[in-house]
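What follows is one structure encoded as structure tokens, with my remarks underneath.
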Amino acid sequence: MANDGTFRSWVPEWLIRLTIILVMLPTVMLFALSTANVNAATGFYGVEPADIQFSMVVYYSALAAFTPLERRFFSRISTKEYFLICLVLQVIVTFCIYNTRQLPVLYICRFLQGIFNCGVTSICLTLLFSRLKSNHAREIGYAFFYALILCASSFTSLITAPIIDDYEYNVLYKVMIYCFFPGAILLLLMMNRIHLVRRVPLYQLDWGSFFLYAPFLVCLAYVLIYGQQYYWLQDATIVWSLVAVLGLGLVFVVRQLTRKRPLIHMEVFRYKGFVFGITLVGLLYIIRGAFNVTTTYFSTVLGMDPLHIYELFIYNILGVATGTVISARLIIKQRPTQFIWLVGFFLMLLFHGWMYFLFASEADQSTFIVPLFIQGAGAGLLMTPIILFTISSVPFELSQSAAAVGVFIRFAFFSGSTALINFFSIYFSNIHSARLSDHVTAVDDGLQGRLHTYQSALQGRGLPMDQAAKAATGLLNRAMQKQVFLKYAMDYYALIAILIAVIMLIIVMAPFINRTIINVRAKQPAAATF
């Protein structure tokens with residue numbers, strides 16, 4: 001492909017594309033870094049798992065809040081200078097996280113990371129789409145980006161697992177700093193000093209809306225992450241956070257409806273296809289979030305270490321790649337959108353139904369290879385077609401607002417998925433703990449027999465009788481906890497399977513889906529921030 005002036009004339013095209021990917025990878029990995037190993041993070045900072053989850057959604061809230069404003073900065077500053085500014089600030093903030101153990105400092109730095117990440121991502125996407133010139137290259141570009149998002153968590157955990165085994169948790173942030181440099185240095189050396197988008201002066205920036213929107217998102221995240229832990233409305237901080245969510249949200253919406261140049265145009269919600277599309281995006285994040293139950297099952301019940309868990313997730317990544325390639329091909333061939341969605345959701349239904357019967361106290365690792373691949377393939381088949389459908393449902397002039405709403409939906413349902421898992425884990429665990437306790441009490445002979453078996457086995461390994469008796473009780477309690485978790489996992493996956501079945505039924509009953517023509521040729525790269 002001929003050089004378009006963005007890069008120096010001597011730079012080969014393959015090196016340009018490789019450099020863009022080298023910059024994108026650590027940028028995407030930053031999102032999942034805080035939860036790459038929750039146990040290691042909680043141990044390092046001396047906090048609860050919910051605190052680590054909150055650090056991730058704080059990052060996400062900053063990304064969602066700054067997205068509507070970011071394009072103005074991108075259009076005002078030359079791309080090379082803008083990238084350098086974002087990179088330097090990103091490195092400084094990441095270095096601050098590396099040097100702190102204080103939770104408030106971590107939250108502030110993660111919020112700033114989200115803002116600076118927004119700029120780097122915007123540059124990478126613009127450069128990526130500028131290199132794609134064929135008739136269907138943009139569809140391929142979108143597919144690549146969404147596949148990267150779907151694989152981010154598993155890929156980050158796979159890469160960081162051996163590092164956490166040998167070093168303290170904060171070293172991950174130091175490693176990320178080093179990961180920035182190869183791609184960044186190459187990009188700065190190869191780029192010319194140009195503007196990739198039309199220059200727009202930095203005036204009339206709606207900072208008022210931003211300072212309403214950002215705390216609204218943070219308060220919403222706080223309620224969703226900590227609500228179950230603090231018993232919802234029984235805690236004053238949750239109540240006041242809810243009041244802040246309602247108040248800030250109402251003022252923000254009124255401000256957007258009354259301003260001549262709003263941060264987000266509310267007109268996007270007038271388009272039926274857009275509303276349907278973002279609803280599916282949100283539900284897909286709920287379904288994808290249930291995948292964390294499988295991860296917990298591998299570690300809690302089967303006792304797999306993080307490295308082996310994420311090695312197993314390689315098959316899930318392969319499934320995502322396969323599903324994404326197939327979905328891009330089907331879109332290019334203009335196959336019916338309903339058909340693509342139904343196949344994707346069927347694969348997700350198959351995975352959850354299959355896992356329902358695979359949840360057991362003992363299992364061979366190879367048993368899960370095919371289900372994990374199917375889950376990845378289903379997600380890969382769904383993500384790109386759903387978002388391209390949503391993008392195509394609004395006029396070009398509303399694409400920036402549609403992108404901002406899309407990021408909000410991803411953020412809200414990602415946080416909501418965490419809240420649902422926290423709620424149902426306690427709800428179902430309490431039910432099954434009570435039932436199991438009643439059953440054990442009713443069969444005291446069996447209980448004593450099991451304890452005797454444990455005690456005999458421990459004594460056979462050289463443990464004194466009194467210590468073996470205490471340890472046998474601990475083993476019995478652990479076995480009961482495993483059974484409770486298995487029952488909860490089965491119940492939750494049954495609910496998710498029912499949700500998927502309902503979604504498939506709605507898709508079948510919505511004929512307008514196939515009447516929406518997927519056309520994204522004029523809507524890049526704004527909508528890619530979905």
Working for side chain to side chain contact (heavy atoms under 4.5 Å, CB included), residues Y226 and Q229: CA-CA 5 Å; Y226 288 103; Q229 181 176 327; 4.1 Å; yes

Non-hydrogen atoms of I225 and A50 that approach each other most closely: CG2-O, 3.4 Å

Point-to-point distance, once rounded to the nearest 0.5 Å, from CZ of F83 to OG1 of T126: 12.5 Å

T418 backbone acceptor or donor facing N422 side chain under 3.5 Å: yes

Contacts of type ring-ring contact (aromatic ring centres under 6.0 Å, His included), residue F252, not counting sequence neighbours: Y213

V218 and F111, any side-chain heavy atoms less than 4.5 Å apart: yes

Validation row: Q375, L347 side chains within 4.5 angstrom (heavy atoms): no

OG-CZ distance between S154 and F291, expressed to the nearest 0.5 angstrom: 5.5 Å

Side-chain touch Y98/L172, heavy atoms, less than 4.5 angstrom: no

Non-hydrogen side-chain atoms of N37 and T160 separated by less than 4.5 Å: no

Nearest-0.5 Å distance, CG of residue N316 to CD1 of residue I374: 11.0 Å

Main-chain N/O of F7 paired to N192 side chain as donor or acceptor, under 3.5 Å: yes

F210 atom CZ: more than 12 heavy-atom contacts under 6.0 Å: yes

Any side-chain heavy-atom pair of H265 and Q256 under 4.5 Å: no

Test: E168 and K174 ion pair at under 4.0 Å: no

Where S153 and A32 come nearest, the two heavy atoms and their spacing: CA-CB, 3.7 Å

Expected output: side-chain S401 to main-chain L398 donor-acceptor under 3.5 Å: no

Polar side-chain atom of Y59 near backbone of L30 as donor-acceptor pair, under 3.5 Å: no

Side chain to side chain contact (heavy atoms under 4.5 Å, CB included) between T337 and I340, worked out: CA-CA 5 Å; T337 305; I340 303 173; 5.5 Å; no

Residue pair Y146, I149: steps toward the side chain to side chain contact (heavy atoms under 4.5 Å, CB included) verdict: CA-CA 5 Å; Y146 300 135; I149 291 176; 4.3 Å; yes

Any donor-acceptor N or O pair under 3.5 Å, side chains E70, T67: no

Approximate separation, where rounding is to 0.5 Å, of I20 CD1 and I123 CD1: 11.5 Å

Polar contact flag, side-chain donor to acceptor under 3.5 angstrom, T100-Y45: no

Heavy-atom donor-acceptor pair, R8 side chain to L189 backbone, under 3.5 Å: yes

Side chain to side chain donor-acceptor pair (under 3.5 Å) between N99 and Y173, worked out: CA-CA 9 Å; N99 282 289; Y173 290 99; over 6 Å; no

Any L187 side-chain heavy atom under 4.5 Å of L127 side chain: yes

More than 12 heavy atoms of other groups within 6.0 Å of F95 CZ: no

pair F31-V28: side-chain heavy atoms closer than 4.5 Å: no

Step-by-step side chain to side chain contact (heavy atoms under 4.5 Å, CB included) determination, F313 to I317: CA-CA 6 Å; F313 282 177; I317 295 173; 5.5 Å; no

F298 atom CZ: more than 12 heavy-atom contacts under 6.0 Å: yes

Nearest heavy atoms of S417 and Y492, plus distance in Å: O-OH, 4.4 Å

For A379 against L150, the heavy-atom pair lying closest together: O-CD1, 3.6 Å

R410 charged N/C atom sitting above Y285 aromatic ring, 6.0 Å / 45°: no

S393 side-chain N/O to F389 backbone N/O, donor-acceptor pair under 3.5 Å: yes

Atom of G416, atom of I286 and distance for their closest heavy-atom approach: C-CD1, 4.2 Å

OG1-CG distance between T27 and N117, expressed to the nearest 0.5 angstrom: 6.0 Å

SG-CD1 distance between C179 and I159, expressed to the nearest 0.5 angstrom: 8.5 Å

Partner set under side chain to side chain contact (heavy atoms under 4.5 Å, CB included) for P371, not counting sequence neighbours: F351, W354, M355, L358

Minimum heavy-atom distance I16-M190, with the two atoms named: CA-CE, 4.2 Å

Aromatic centroids of F411 and F414 separated by under 6.0 Å: no

Backbone of T324 reached by a side-chain donor or acceptor of S327 within 3.5 Å: yes

L224: side chain to side chain contact (heavy atoms under 4.5 Å, CB included) partners, not counting sequence neighbours: L220, S415, A419

G119 backbone acceptor or donor facing S122 side chain under 3.5 Å: no

4.5 Å side-chain heavy-atom contact, I264 and P262: no

Pair Y60 and F54, ring centroids less than 6.0 Å apart: no

From CA spacing to verdict: side chain to side chain donor-acceptor pair (under 3.5 Å), T295, Y310: CA-CA 9 Å; T295 308; Y310 296 116; 5.6 Å; no

Polar side chain donor-acceptor pair, E48 to T42, under 3.5 angstrom: no

Sidechain-backbone polar pair: T367 side chain, A363 backbone, donor-acceptor under 3.5 Å: no

